[in-house]
Asks: 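My questions will all concern the structure given below.
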Amino acid sequence: MTSFHTHRARVHDASLPPYRRHSALRTCLTRFAPYGLRATYHHLTVSARIPRFLEADPDALVRAVDELHEARELWRARAEEYAERRRAQKRAGRRLPPETAWWHVRWWGSPNAAWEHDPFLHPPLRLSDYVRRQNALLDGAVLPGCPACGEQGPPVPLPTGPGDDRGDGHGHGRAELCRCCARVLTPCGCGRWHSFEPALRTGWSRIWGREHMTGGGEPSPYWPGVRGEARVERLESYTIHWGSGVVYGDRDQ
Ligand SMILES: [Zn+2]
Ligand SMILES: [Zn+2]
């Protein structure tokens, strides 16, 4: 398996055609993508100003992979420390980690899962700032606002289904999501996992083809139409059932 660094070098290689450098960036994203592959790609298109047509500014790919690399170095240093500490804890007879490292949290069931369903939703932070923030939280820092992005505005309440279906005061009702990045801040009281997804899917192939960017590397004002807080308000809740190895979702309401 070729490494992140090999593919990063390909992104930097100006003798390669832009589409090859772009595909090397994708390989780097399969190795490290703190917002998930699709949302991290979306973030980088905007932060590095990758234009709709790569030929207009192939160096945008270098800015993108270098932002990713900077964040990956911060993560790697912290992950090595964490692994070292875990080895010491195991030697002391502590088999289970006292805290789950943020990079070990699976997307499925995570409070950040909306980023997978809608790549336009993710924190607005530079990737290195996001990694610093997650590392600080892992170290026990108390930071105000949304754990993912730091937003301190009131959360967006979203309905999670009709009323208290268990009769014990812990039924469905609503969950509260960060108005900026759609992280679930207060889960539904029923204890099951609700997945929050856009009713209208934003096609990944269109994002991959940067239809959301202009020829000059700015976000297109025309596509997609819904932005900001309204995008979070329009997410729909699905209740996830776990049973007999099959996971399926029911649209709530
Ligand atoms: Zn519920
Ligand atoms: Zn947030």
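Counting starts at 1 for both ligands and their atoms, following the listed order.
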Asks: Atom CG in Leu37, atom NE2 in His42: separation rounded to 0.5 Å?
Replies: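 Rounded to the nearest 0.5 Å, the CG-NE2 separation comes out at 13.5 Å.
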Asks: Calculate the angle formed at the Zn ion (ligand 1) by SG in Cys190 and SG in Cys188; 10° precision is enough.
Replies: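 Approximately 110° at the metal, rounded to tens of degrees.
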Asks: Would you call Asp13-Arg10 a salt bridge at under 4.0 Å N-O?
Replies: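 Salt bridge absent between Asp13 and Arg10.
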Asks: Could you check whether any side-chain heavy atom of Tyr82 comes within less than 4.5 Å of a side-chain heavy atom of Glu99, counting everything from C-beta outward?
Replies: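 Side-chain contact under 4.5 Å: yes.
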Asks: Is it the case that more than 12 heavy atoms not belonging to Arg20 sit under 6.0 Å from its CZ atom?
Replies: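 Counting neighbours around CZ of Arg20, 12 or fewer heavy atoms of other residues, nucleotides or ligands fall under 6.0 Å, so no.
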Asks: Does Cys146 bring an N, O or S atom to under 2.8 Å of the Zn ion (ligand 2)?
Replies: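 Checking the Zn ion (ligand 2) against Cys146, an N, O or S atom does fall under 2.8 Å.
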Asks: Using the Zn ion (ligand 2) as the apex, give the angle to atoms SG (Cys149) and SG (Cys181), rounded to 10 degrees.
Replies: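 The two atoms subtend 120° at the Zn ion (ligand 2).
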